[in-house]
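Below: one structure, written as structure tokens.
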Protein chains: 2
Amino acid sequence: MDKNLKLFDAEYRFACIVWENEPIQSRQLANLCEQKFGWKRSTTYTVLRKLCERGIMKNENSIVSTLVDKKVIHQYESNTVVERTFNGSLPKFITAFLKDKKLSNEEAKKIKDLIDQYKED
Amino acid sequence: MDKNLKLFDAEYRFACIVWENEPIQSRQLANLCEQKFGWKRSTTYTVLRKLCERGIMKNENSIVSTLVDKKVIHQYESNTVVERTFNGSLPKFITAFLKDKKLSNEEAKKIKDLIDQYKED
DNA sequence: AAAACTTGTTTATTGCAATAAACTAAAATC
DNA sequence: GATTTTAGTTTATTGCAATAAACAAGTTTT
């Protein structure tokens, strides 16, 4: 299936709730969304159904769970931003992000170690 | 002034044209937008005026120019994404971005050198 | 000075995300 | 088996981004 991984704001916040609580009863999910977002029951169901139609979640016997990992959504999201706004360049993104910021030695080391993990063998 | 630095998609694409061509006559700008986006003249003026009202551009004697550097918008944009979706963590963002990717030694070095530039003295 | 053109504003129109009300059907309870 | 509850769908409603048509006022051209 050709999943559209672009989650709109409301969808993303909703998905976070599901990721944190899955598998979860649809009823409970509606309650959570009511608490966290002030959503009416029908709103939760509408958002849920849209995501099910796109193959991102499923609702089987009133048990809701995700079909797409949060990591995959994050991957999609980060790639989209870098492509759209930074010409696909990670260094450009980092430069923009760090503008007016300073990193401690530990923070810098952490990132550099991280980068090394993605070097091709 | 309290500039709202959030540019919507159309606004951002428009701003890019201005950054690349400023200072530019409003007429020429309308022509460019017509070519690049297929916009009618009035669309260009509407978008332009919104950005002027927000202190992001100005239009003086039919000469359009920006009041906010592209870097600042990029800074805002990158910070917003990292905060909203990655809990403010740059490493988390990078991890998501690099998933399923490999970096050449040169690419890795480039990024690590970049990181070092932001270490506090 | 009338006509034509230019610049910019005011006022629609459209599309879609976000939210919810109203309804339906099945299941559980009395 | 009638009633109430639960799960989910269908059908609005609202708000706002994106786009543009229609208009106004100044400037240039004839």
Side-chain angles (χ1 to χ4, degrees), chain A residues 3-18 21-67 73 76-77 80-81 84-85, chain B residues 3-18 21-67 73 76-77 80-81 84-85:
Chain A
K3 302 174 198 255
N4 173 9
L5 297 180
K6 167 68 196 161
L7 299 196
F8 300 109
D9 269 22
E11 290 175 339
Y12 179 72
R13 286 181 296 139
F14 173 77
C16 284
I17 298 286
V18 180
N21 294 280
E22 68 179 328
I24 182 176
Q25 297 250 122
S26 54
R27 179 175 16 87
Q28 275 182 262
L29 184 55
N31 289 339
L32 270 180
C33 291
E34 151 86 59
Q35 288 169 214
K36 301 251 186 184
F37 312 136
W39 285 3
K40 302 294 178 202
R41 218 172 46 86
S42 55
T43 302
T44 296
Y45 276 110
T46 303
V47 174
L48 173 59
R49 196 162 39 71
K50 290 256 184 70
L51 291 170
C52 288
E53 281 164 5
R54 279 152 61 195
I56 288 169
M57 299 192 178
K58 65 176 176 184
N59 180 8
E60 278 176 351
N61 307 316
S62 309
I63 304 285
V64 176
S65 56
T66 62
L67 295 171
I73 299 297
Y76 178 85
E77 180 73 6
T80 301
V81 184
R84 194 189 53 222
T85 309
Chain B
K3 302 175 198 252
N4 172 10
L5 298 180
K6 166 68 194 160
L7 300 197
F8 299 110
D9 269 24
E11 290 174 338
Y12 179 71
R13 286 181 297 139
F14 173 77
C16 285
I17 298 287
V18 180
N21 294 280
E22 67 179 329
I24 182 174
Q25 297 247 122
S26 55
R27 177 174 18 87
Q28 276 182 263
L29 184 55
N31 289 340
L32 270 180
C33 291
E34 152 86 57
Q35 289 169 215
K36 301 253 185 184
F37 312 137
W39 284 4
K40 301 297 177 200
R41 219 173 44 86
S42 55
T43 303
T44 296
Y45 275 109
T46 303
V47 174
L48 173 58
R49 197 163 38 72
K50 291 257 184 73
L51 291 171
C52 289
E53 282 165 4
R54 278 152 60 194
I56 288 169
M57 300 191 177
K58 65 176 176 185
N59 180 9
E60 279 176 351
N61 309 313
S62 309
I63 305 285
V64 177
S65 55
T66 61
L67 296 172
I73 299 297
Y76 179 85
E77 180 72 7
T80 302
V81 183
R84 196 189 52 222
T85 310

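Throughout, protein chains are lettered first and strands after them, A, B, ... in sequence-line order, and every chain is numbered starting at 1.
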>> Under 4.0 Å from OP1 or OP2 of C/dG8: is there any side-chain N or O of B/Y45 that close?
In response: yes
> Are side-chain heavy atoms of A/F14 and A/T44 found at a separation under 4.5 Å?
Replying inline: yes
> Could you state the CG-P distance from B/L51 to C/dG8, rounded to the nearest angstrom?
Replying inline: 15 Å
> Just how far, in rounded Å, is P of C/dA18 from CZ of A/F14?
Replying inline: 13 Å
> Which residue pairs satisfy the salt bridge (Lys or Arg N to Asp or Glu O under 4.0 Å) criterion with at least one member in residues 28-50 of chain B, sequence neighbours excluded?
Replying inline: B/R49-B/E53
Close N or O pairs between protein and nucleotides 15-17 of chain C (under 3.5 Å):
none

> Is there a side-chain contact between A/E11 and A/V47, using heavy atoms and a 4.5 Å cut-off?
Replying inline: yes
> With A/Y76, which of A/L7, A/V81, A/L5 fulfils side chain to side chain contact (heavy atoms under 4.5 Å, CB included)?
Replying inline: A/L5
Can you list, pair by pair, the side-chain donor-acceptor contacts under 3.5 Å of residues 56-65 of chain A, counting residues two or more places apart and other chains?
none

> Can you tell me if the side-chain N/O atoms of A/N59 get under 4.0 Å from OP1 or OP2 in D/dA7?
Replying inline: no
> Residues from residues 26-43 of chain A sitting under 4.0 Å of DNA chain C, heavy atoms only?
Replying inline: A/G38, A/W39, A/K40, A/S42, A/T43
> How about B/N21 and B/L29: do any of their side-chain heavy atoms sit closer than 4.5 Å?
Replying inline: no
> Atom CZ of B/R49 and atom P of C/dT9: how far apart are they, to the nearest Å?
Replying inline: 6 Å
> Rounding to a whole Å, what distance do you find between B/E53:CD and C/dT10:P?
Replying inline: 9 Å
> Counting only distance, no hydrogens or angles, is the base of D/dA20 paired donor-acceptor with the side chain of B/T46 under 3.5 Å?
Replying inline: yes
> Taking only residues two or more places apart in sequence, or in another chain, which ones meet A/F8 in a ring-ring contact (aromatic ring centres under 6.0 Å, His included)?
Replying inline: none
> Between A/N61 (CG) and C/dA27 (P), how many Å, whole number?
Replying inline: 11 Å
>> When you compare the side chain of B/I17 with that of B/F37, does any pair of heavy atoms fall below 4.5 Å?
In response: yes
>> Heavy-atom nearest nucleotide on DNA chain C for A/R13 versus B/E60: which residue maps closer to 5'?
In response: B/E60
> With A/Y45, which residues qualify under side chain to side chain donor-acceptor pair (under 3.5 Å), at least two apart?
Replying inline: A/S26
> Roughly how many Å is it from CD in B/Q25 to C1' in C/dG8, rounded to a whole number?
Replying inline: 14 Å
